[in-house]
Student: 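Have a look at this one before I ask anything.
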Amino acid sequence: MDINEKYENDVMILELKGRLDANTSEQLEKKLIPPINNDKYLKIIIDFADLEYISSAGLRLLLLAAKKLDKKDGKIVLCAMQDFIKEVFEISGFTPIFPITEDQEKALAKF
Amino acid sequence: MNKKLILNLKNKKSDIANVQNKIDHFCDKHSLPERLKNELNLILDELIINTILYGYIDQQDHNITIKIFLSADDLKIIYRDDGIEFDPTKQQEPSHLSESASEKPLGGLGIHLVKNLMDAIEYKRDKGRNILILTKKLENKN
């Protein structure tokens, strides 16, 4: 999986490309969790435009990030999901938990 | 026509990519919809990962066998491993209805996905092996 990092003021944006599964979730964990733990970035956008596949390992990581951010009054917004990713989110009951937007611009507007 | 796929793999994360290639090929060969291909890959991914992470206490190689049968009406998967006895149909499912991150449980997500993507799941324990029979009804295009 490729991860592109961007920053807009105090918002960290991670653009994912490829698959987020048990093999690749560690990659994302290294970029996503330390800035939260260190209070460095508590406003985060994950852009799914180029992500084709997600499994429970990826969902668990996103949920972990959301739990941590909740405690710190932070926020995570997800955007640009492809149909299959949306389906997995719906089936796993994740849709009510995260703000989800069509694109990065709308995601930034959520902060 | 007998449409089936038999996969033999070890309890290693590195074997999953090969499974995915074979599933992609099987689905393309039988013109199955993209969505079904993705769902099938996800189901097997979750089952295999659970076996790898929780199925064994030794560090040895173990075998996993997956047989897939495709008919006009449904897709049947028979999944077998020789791991610790584990019946996913009997697992107390944590509630996944909660709407906030703090309440939502971190565990049980893989099994929850498998249960929701399949129409029927049957479990048997036989000669030291876990056997799961999963059935998914197919939507007929006509």
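Values below: every heavy atom of this structure, side chains too, minus hydrogens, waters and symmetry copies. So you know, we letter chains A, B, ... as the sequences are listed, proteins then strands, and number each from 1.
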Student: Between Ile49(B) and chain A, with a heavy-atom cut-off of 4.5 Å, which part of the residue counts as in contact: side chain, backbone, both or neither?
Tutor: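 When you check distances to chain A, only side chain atoms of Ile49(B) fall under 4.5 Å.
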Student: Kindly compute the distance separating CD (Glu34(B)) from CZ (Phe84(A)), expressed to the nearest 0.5 Å.
Tutor: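 The CD atom of Glu34(B) sits 9.5 Å away from the CZ atom of Phe84(A).
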Student: List the residues meeting side-chain contact (heavy atoms from CB on, under 4.5 Å) with Thr24(A), not counting sequence neighbours, and say none if there are none.
Tutor: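 Only Met1(A), Leu20(A), Asp21(A), Gln27(A) meet the side-chain contact (heavy atoms from CB on, under 4.5 Å) criterion with Thr24(A).
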Student: What are the two closest heavy atoms between Leu63(A) and Ala101(B), and how far apart are they?
Tutor: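 Minimum heavy-atom separation between Leu63(A) and Ala101(B): CD1-O, 3.8 Å.
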Student: Examine distances only and state if a side-chain atom of Lys13(B) and a backbone atom of Asn23(A) form a donor-acceptor pair shorter than 3.5 Å.
Tutor: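 It does not hold such a pair.
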Student: Would you compute the distance between atom CG of Leu117(B) and atom CD1 of Ile91(A) and round it to the nearest 0.5 angstrom?
Tutor: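 CD1 of Ile91(A) is found 4.0 Å from CG of Leu117(B).
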Student: Nearest 0.5 Å, please: how far is CG in Leu69(A) from OG in Ser102(B)?
Tutor: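 Output value for this atom pair is 12.0 Å.
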Student: Count I, L, V, M, F, W, Y as connected when their side-chain heavy atoms are under 4.5 Å apart, and connections chain through other members. Are Ile54(A) and Ile33(A) then in the same cluster?
Tutor: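 Result: yes, single cluster for both.
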Student: Could you pull out all residues at least two apart from Gln20(B) that satisfy side-chain hydrogen bond (donor to acceptor under 3.5 Å, both in side chains)?
Tutor: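 For Gln20(B), the residues satisfying side-chain hydrogen bond (donor to acceptor under 3.5 Å, both in side chains) (neighbours in sequence not counted) are Arg19(A).
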Student: Between OG of Ser55(A) and CG of Asp45(B), what distance do you get to the nearest 0.5 Å?
Tutor: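 It is 4.5 Å, given to the nearest 0.5 Å.
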Student: Where the side chain of Glu46(B) meets the backbone of Ser56(A), is there a donor-acceptor pair that is under 3.5 Å apart?
Tutor: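 Pair found, side chain donor or acceptor close to backbone of Ser56(A).
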Student: Calculate, to the nearest 0.5 Å, the distance between atoms CG and CG belonging to Leu113(B) and Leu59(A) respectively.
Tutor: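 Interatomic distance, Leu113(B) CG to Leu59(A) CG, rounded to 0.5 Å: 6.0 Å.
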Student: Would Val77(A) and Ile44(A) show up in the same hydrophobic cluster when neighbours are defined by side-chain heavy atoms closer than 4.5 Å?
Tutor: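 As far as the 4.5 Å side-chain criterion goes, Ile44(A) and Val77(A) are not connected within one cluster.
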Student: Does Arg125(B) CZ have over 12 foreign heavy atoms under 6.0 Å away?
Tutor: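 Above 12, so yes.
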Student: Test of understanding: clusters of I, L, V, M, F, W, Y form through side-chain heavy atoms closer than 4.5 Å, transitively. Do Ile13(A) and Ile85(A) belong to the same one?
Tutor: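 No, because Ile13(A) and Ile85(A) fall into different hydrophobic clusters, even though each may have its own neighbours under 4.5 Å.
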Student: Counting neighbours of NZ on Lys136(B) that are heavy atoms of other residues, nucleotides or ligands and sit closer than 6.0 Å, is the number greater than 12?
Tutor: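 Counting other residues, nucleotides and ligands, NZ of Lys136(B) exceeds 12 neighbours.
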Student: Would Val88(A) and Asn38(B) satisfy side-chain contact (heavy atoms from CB on, under 4.5 Å), going step by step from the backbone distance to the final call?
Tutor: CA-CA 10 Å; Val88(A) 176; Asn38(B) 284 328; over 6 Å; no
Student: Do any N or O atoms from the side chain of His112(B) and from the backbone of Gly93(A) form a donor-acceptor pair under 3.5 angstrom?
Tutor: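 No, the answer is negative, given that no donor and acceptor are paired below the 3.5 Å cut-off.
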Student: Return yes when atom NZ of Lys137(B) has more than 12 non-hydrogen atoms of other residues, nucleotides or ligands closer than 6.0 Å, and no otherwise.
Tutor: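 No.
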Student: Would you confirm whether Lys67(A), through its side chain, and Lys104(B), through its main-chain N or O, come within 3.5 Å as a donor-acceptor pair?
Tutor: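 Yes, Lys67(A) side chain to Lys104(B) backbone: donor-acceptor pair under 3.5 Å.
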